[in-house]
Number of protein chains: 2
Amino acid sequence: MTGLIGEFSCKLDGKGRLSLPSKLRAQWPESALHTLVVNRGFEKCLVLYTKEDWLAEMEKLNAVDDFMSPEIRRFKRIFTNGANLMSIDSAQRILIPKKLLEYAGLGTDVVLSANGRKVEIWDEKLYDSELNVDSNELSQLAQHFHQQRKPSGE
Amino acid sequence: MTGLIGEFSCKLDGKGRLSLPSKLRAQWPESALHTLVVNRGFEKCLVLYTKEDWLAEMEKLNAVDDFMSPEIRRFKRIFTNGANLMSIDSAQRILIPKKLLEYAGLGTDVVLSANGRKVEIWDEKLYDSELNVDSNELSQLAQHFHQQRKPSGE
DNA sequence: GAAAATGTGGGTAATTGTGGGGATTTGTGA
DNA sequence: TCACAAATCCCCACAATTACCCACATTTTC
């Protein structure tokens, strides 16, 4: 449940429908497929969860009361963002809302990238350039990661 | 019941009527649709609840005694004041009172954003700018959230 | 290589969204 | 109390979107 794996190339048809690869579907329980949640990602991509996993994410947010401060409300809003419920049709596809298609700049060719409990949906070209690094940059990123990791480890 | 999900683009017609998207309606029991409550939001937006959920919000307020202070009384008054009971018409629309339209600056294009037990109603432009953050600001917000969360964890 | 399962595309019917006419109710001022 | 204007409600009509269905290409499995 917490270890989705896989990278898949798929096509979006003219109606904005995306068929979920069977190898991805197989990693979720049958029942979950009728209540999936898509949302904007922080980068120019979308994120796909089961409803259950999405609500679990939301739990964290709802632990803090709205009355608290404007910043809290804004933060929650930004996170909750464009979440949309959807279910797969008889051909194992989901219909992605227009607004989200635009947000992520999705064309015909897209890539699904599973990781943890979420699946990122990228336009293929953007995905390729996102993953395109030279070794210098990679080692810089690793260093940054290491520094950020320390404080919370204490 | 506690997990409304969805972001919807809708139009307000010239009469101030807003049709509720079917995917939102489907998340409430049929019976609730005839007793919805709209109110001013803390930001420049409106908030929509079922009557049941609204009453639950009121509970929070009533937990604090009126004797406490003038500010308490004023807050309660203002918060309670804007609340309007409404029901959907045969075309699945609600009629939003003029005063509230003005308060939230609602034009033709609005966005409904569901989260938890409430639905926020925003003018589309305001909504877009509310959600538009750069990464610096976002990390500040996240930090703020993190700090607020701690106390309740103890 | 054949059969099964999956991916892709599109047509059509049903549902939903949007707008507006006009009757009824409510509020206001003479 | 009446007349008038404004707001609200109840209809209907059309446009847009979505759900459902089928066909066929492609890939996988045996």
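Here is how names work: the chains are called A, B, and so on, in the same order as the sequence lines, proteins then strands, and each is numbered from 1. These numbers come from the heavy atoms of this one structure, side chains and all, not from hydrogens, waters or symmetry mates.
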| Salt bridge B:K99-B:E102, side-chain N to carboxylate O under 4.0 Å | no
Rounded to whole Å, CD of B:Q92 lies from P of D:dT17 at a distance of 19 Å
Ranking C:dG17, C:dG9, D:dT18 by distance to the side chain of A:L95, first place goes to D:dT18
Practice task
Answer with base, sugar-phosphate or nothing: what part of the nucleic acid does B:S90 contact at a heavy-atom distance below 4.0 Å?
Solution key: base
A:L18 CG to C:dT6 P, in whole Å, measures 16 Å
Closest to the side chain of B:R17, out of D:dC11, C:dT8, C:dT18, is D:dC11
note: B:D13, atom CG; C:dT16, atom P; distance rounded to Å ~ 19 Å
Comparing A:R25 with B:S19, nearest DNA chain C nucleotide closer to 5' gives the residue A:R25
_Taking the basic N atoms (NZ, or NE/NH1/NH2) and the acidic carboxylate oxygens, is any pair closer than 4.0 Å for A:K76 and B:E120?_
no
note: B:F8, atom CZ; C:dT18, atom C1'; distance rounded to Å ~ 17 Å
Taken to the nearest whole Å, CG/B:L12 to P/C:dG17 is 14 Å
Requested in this report: Would you mind classifying the nucleic acid contact of B:L20 as base, sugar-phosphate or nothing, using non-hydrogen atoms under 4.0 angstrom?
Outcome: sugar-phosphate
Here the distance between atom P of D:dA7 and atom CD of B:E102, to the nearest Å, is 10 Å
Per nearest nucleotide of DNA chain C, the residue lying toward the 5' end, A:K23 or A:K15, is A:K23
Nearest heavy-atom approach of B:K23 to A:L85 is NZ-O, 3.7 Å
Using only heavy-atom distances, decide whether a donor-acceptor pair under 3.5 angstrom links the side-chain of B:R93 to the base of C:dG20. yes
To the nearest angstrom, the CD1-P distance between B:I94 and C:dT18 comes to 13 Å
Between B:D89 and A:A91, whichever has its closest DNA chain D nucleotide further toward 5' is B:D89
- Query: Angle class for the B:F79/B:W54 ring planes (parallel below 30°, perpendicular above 60°, tilted otherwise)?
  - Reply: parallel
Classify the angle between the aromatic ring planes of B:F42 and B:F75 as parallel (below 30°), tilted (30 to 60°) or perpendicular (above 60°). parallel
From CG of A:D109 across to C1' of C:dT8 the rounded distance in Å is 12 Å
Per atom distances to the A:S22 side chain, the nearest of C:dG7, C:dG17, C:dG19 is C:dG7
message = So B:K98, base contact, sugar-phosphate only, or nothing? Heavy-atom distance under 4.0 Å.
response = sugar-phosphate
